[in-house]
Chemist: 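Starting off with a structure, shown below.
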Amino acid sequence: MRRLPLSLPIACLAIGALLAWSPFPLLPRFNPLENREFTERMTEIVVIVALMGAGLKLDRPIGWRRWMTTWRLLGIAMPLTIVVLAFLGSWILGLGAASALLLGACLAPIDPVLASDVQVGPPQTGEEDEVRFALTSEAGLNDGLSFPFIHLAVALALAEKEGTALFQHWAFLDVFWRLASGALMGWALGKGFGFLSFRLTGSGLAKTQDGSVALGMTFTTYGLTQLIGGYGFVAAFLAAVAFRASERGHDFHQQLHDFAEQIERLLMMVLLVCLGSIAASGQLLAGIDWRVLVVVVLAIAFVRPIIGWMSLIGTGHPPGETMIIAVFGIRGLGSIYYLAYATGQAEFQSVQTVWATVLLIIVVSIRRTRYRRHSHDEMDRRPKVWCPSKAVGSLRW
């Protein structure tokens, strides 16, 4: 089946659809609007585990020049994407300011879960070209960096409903404090776990060879950061990066990554089966009209590719690399989490339309995850016409 245009996410969607259409469904048809807390918690867990796995498999040390592509995507592409998508939501869908901003903030970050097939390989495997590195590092950090915009949308919704001060404490609390504390906690706890694993005399965690340490590190970092009001998504990813930097060449990283990836895929399968059931039953997608379809096409085919391309002008990357980085803006479970979280904090106008747009974009994005990883030897035997650039030979169109 390797030659078929299939992937694990597509198969899960199909299973969910078959369950929804069967006369004896084995699974309830979960509706996020009716089961918001379940949706929020499940997607929250799978995202933080995916962020930990993404940080563990990055071989490149963090740095200003070494991560220049990532900084451009985060500092230029993501804010511009939020603004453009919010404008489309307001202009085409007729959403209010809060709902439009929520739509843009949910769809701007790319997903660390569903984009795993186009990310770097496991630690120390050498599968880290510029394209894969950019997509992995961007997915690891933009989940947390989009949270200030989510909180701004919540503040707008509360201001429309309750008349509270719009920017009261937002700049300090939701932007400065949450980002700074998340980054510091993540880096400090990652270094601390690195000491416990590799430097502790006599009984380091690395000697246990237990992959479940990855879950302990993930939940400890996320929980402690949330307790002090920081962004746990930022902390989870940076903790993995700092932990990897403590002893970059150790085999323990491979075991932690493999265990985290297995847990991530198991949780992802459950959620995607539920999503397939929702899409097939039509509970959320019944409200789709031509306006939603126009926004979906513009968001996937034009907004991310064009803005991503513009943000990388002057980096010196070959056109093929720039095109791949710009196009592969896959949205996924992170977008569902943001939407479930925000709708639990405030009431948004036309929330049904926002849900339908987000879910349809996710379904289309999942269809684009059928690209699979090949070894360099295998790609050398393939016709080069498959690849837009030599540096992205491991991505098959």
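It should be emphasised that the depicted structure is a prediction, and the values quoted were computed from it without experimental measurement. We're numbering straight along the sequence, starting at 1.
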Chemist: Provide the closest heavy-atom pair for G89 versus A100 in the form atom of the first, atom of the second, distance.
Modeler: C-CB, 4.4 Å

Chemist: Between L359 and I336, is there a side-chain heavy-atom distance shorter than 4.5 Å?
Modeler: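 Contact flag for I336/L359 side chains = yes.
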
Chemist: Can you see which heavy atom on S137 is nearest to which on A134, and at what distance?
Modeler: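 Here S137 and A134 meet closest at OG-O, 3.3 Å.
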
Chemist: Any side-chain to backbone donor/acceptor pair from H253 onto E247? Under 3.5 Å, distance only.
Modeler: yes

Chemist: Is there a path of hydrophobic side-chain contacts, each under 4.5 Å between heavy atoms, that joins L88 and L293?
Modeler: yes

Chemist: To the closest 0.5 Å, what do you measure between CZ (R132) and CD1 (I325)?
Modeler: 12.0 Å

Chemist: Can you give me the closest heavy-atom contact between L51 and F233, atom names plus distance?
Modeler: CD1-O, 3.5 Å

Chemist: Are L56 and L189 linked, directly or through intermediate hydrophobic residues, by side-chain heavy-atom contacts shorter than 4.5 Å (ILVMFWY only)?
Modeler: no

Chemist: Rounded to the nearest 0.5 Å, what's the gap from CD1 on I82 to CZ on F149? Could you check?
Modeler: 4.0 Å

Chemist: Side-chain heavy atoms nearer than 4.5 Å, only ILVMFWY residues, links allowed to pass through others: does that put L184 and F193 together?
Modeler: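 They do not share one cluster, since no chain of ILVMFWY contacts under 4.5 Å joins L184 to F193.
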
Chemist: Parallel, tilted or perpendicular for W64 and W71, by the 30°/60° rule?
Modeler: parallel

Chemist: To the nearest 0.5 angstrom, please state how far the NE2 atom of H151 sits from the CG atom of L156.
Modeler: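 Atom-to-atom, H151:NE2 and L156:CG are 13.0 Å apart.
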
Chemist: Is there a side-chain contact between S212 and F259 in this structure, where contact means two heavy atoms from C-beta onward sitting under 4.5 Å apart?
Modeler: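 In short, these two side chains touch, coming nearer than 4.5 Å.
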
Chemist: Does L58 offer a backbone N or O that forms a donor-acceptor pair with the side chain of R244 under 3.5 Å?
Modeler: yes

Chemist: Contact between D251 and Q255 at the side-chain level, heavy atoms closer than 4.5 Å - yes or no?
Modeler: no

Chemist: Is it true that a side-chain atom of T221 and a backbone atom of T218 form a donor plus acceptor pair closer than 3.5 Å?
Modeler: no

Chemist: Spell out, as yes or no, whether a donor-acceptor pair under 3.5 Å connects the side chain of N142 to the backbone of L145.
Modeler: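 No, the answer is negative, given that no donor and acceptor are paired below the 3.5 Å cut-off.
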
Chemist: Do R304 and E138 sit within salt-bridge range, that is, some charged N less than 4.0 Å from a carboxylate O?
Modeler: yes

Chemist: Counting C-beta onward and ignoring hydrogens, is there a side-chain heavy-atom pair between F195 and L205 closer than 4.5 Å?
Modeler: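 Heavy-atom side-chain distance check fails, nothing below 4.5 Å.
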
Chemist: Are L298 and L101 connected in a single hydrophobic cluster, I mean Ile/Leu/Val/Met/Phe/Trp/Tyr linked by side-chain heavy atoms less than 4.5 Å apart?
Modeler: yes

Chemist: Where the side chain of R331 meets the backbone of I362, is there a donor-acceptor pair that is under 3.5 Å apart?
Modeler: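 Pair absent, no side-chain N/O of R331 close to backbone of I362.
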
Chemist: Kindly indicate, with the supporting measurements, whether the criterion side-chain hydrogen bond (donor to acceptor under 3.5 Å, both in side chains) is fulfilled by D258 and Q262.
Modeler: CA-CA 6 Å; D258 291 345; Q262 291 172 5; over 6 Å; no

Chemist: Taking all non-hydrogen atoms of both residues, which atom of G182 and which atom of V234 are closest, and how far apart?
Modeler: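 Shortest heavy-atom contact: C-CG1, 4.2 Å.
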
Chemist: Hey, can you tell me if F252 and F198 have their rings parallel, tilted or perpendicular (30° and 60° cut-offs)?
Modeler: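 Correct class here is perpendicular.
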
Chemist: Is the CE atom of M68 crowded by more than 12 outside heavy atoms at less than 6.0 Å?
Modeler: yes

Chemist: Run the side chain to side chain contact (heavy atoms under 4.5 Å, CB included) test on F237 and D143 for me, step by step, so that the C-alpha distance in whole Å, both residues' side-chain angles and the decisive distance to 0.1 Å come before the verdict.
Modeler: CA-CA 10 Å; F237 178 75; D143 275 303; over 6 Å; no

Chemist: Which pair of non-hydrogen atoms, one from F348 and one from A157, has the smallest distance, and what is that distance?
Modeler: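 Minimum heavy-atom separation between F348 and A157: CE2-CB, 3.7 Å.
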
Chemist: How long is the straight-line distance from CD1 of I15 back to OG of S22, given to the nearest 0.5 Å?
Modeler: 12.0 Å

Chemist: Among L312, L85, I76, V84, find the one that has a side chain to side chain contact (heavy atoms under 4.5 Å, CB included) with I307.
Modeler: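 So, applying the side chain to side chain contact (heavy atoms under 4.5 Å, CB included) to I307 and each of L312, L85, I76, V84, only V84 qualifies.
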
Chemist: Tell me whether W309 contacts the main-chain N or O of P319 through its side chain, where contact means a donor paired with an acceptor under 3.5 Å.
Modeler: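 No, W309 side chain to P319 backbone: no donor-acceptor pair under 3.5 Å.
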
Chemist: Would you mind reporting whether R178 and F147 have side-chain heavy atoms less than 4.5 Å apart?
Modeler: no

Chemist: Looking at side-chain heavy atoms only, is the closest gap between F133 and D59 below 4.5 Å?
Modeler: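 They are not in contact (no side-chain heavy atoms under 4.5 Å apart), so the answer is no.
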
Chemist: Go through L8 and C12 one step at a time and tell me if the side chain to side chain contact (heavy atoms under 4.5 Å, CB included) criterion holds.
Modeler: CA-CA 6 Å; L8 180 61; C12 292; 4.1 Å; yes

Chemist: Which value, rounded to the nearest 0.5 Å, describes the distance between M78 atom CE and L141 atom CG?
Modeler: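 Output value for this atom pair is 9.5 Å.
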
Chemist: Go through the steps to decide whether E130 and R60 satisfy the test salt bridge (Lys or Arg N to Asp or Glu O under 4.0 Å), and finish with yes or no.
Modeler: CA-CA 10 Å; E130 188 63 30; R60 187 180 307 186; 3.2 Å; yes

Chemist: Would you give the length of the straight line joining atom OG1 of T43 to atom CG of L275, rounded to the nearest 0.5 angstrom?
Modeler: 11.5 Å

Chemist: Return yes if some donor-acceptor pair links the side-chain N/O of W67 with the main-chain N/O of P61 below 3.5 Å, else return no.
Modeler: yes

Chemist: Hey, mind stepping through L95 and Q349 against side chain to side chain contact (heavy atoms under 4.5 Å, CB included) and telling me if it holds?
Modeler: CA-CA 7 Å; L95 300 176; Q349 300 176 354; over 6 Å; no

Chemist: Using side chain to side chain contact (heavy atoms under 4.5 Å, CB included), reason through T225 and Y231 one step at a time and then give a plain yes or no.
Modeler: CA-CA 7 Å; T225 304; Y231 288 131; 5.8 Å; no

Chemist: Are the side chains of L103 and L93 in contact, using a 4.5 Å heavy-atom criterion?
Modeler: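 Touching, per the 4.5 Å side-chain cut-off.
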
Chemist: Taking all non-hydrogen atoms of both residues into account, name the closest pair between I228 and W177 and its distance.
Modeler: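 Minimum heavy-atom contact is O-NE1, 3.0 Å.
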
Chemist: Is any side-chain heavy atom of T70 closer than 4.5 Å to one of T136?
Modeler: no

Chemist: Under 3.5 Å, is there a donor-acceptor pair between the side chain of S90 and the main chain of F87?
Modeler: no

Chemist: Taking a hydrophobic cluster as the set of Ile, Leu, Val, Met, Phe, Trp and Tyr residues connected by side-chain heavy atoms closer than 4.5 Å, whether directly or through intermediates, do V354 and L152 fall within one such cluster?
Modeler: yes

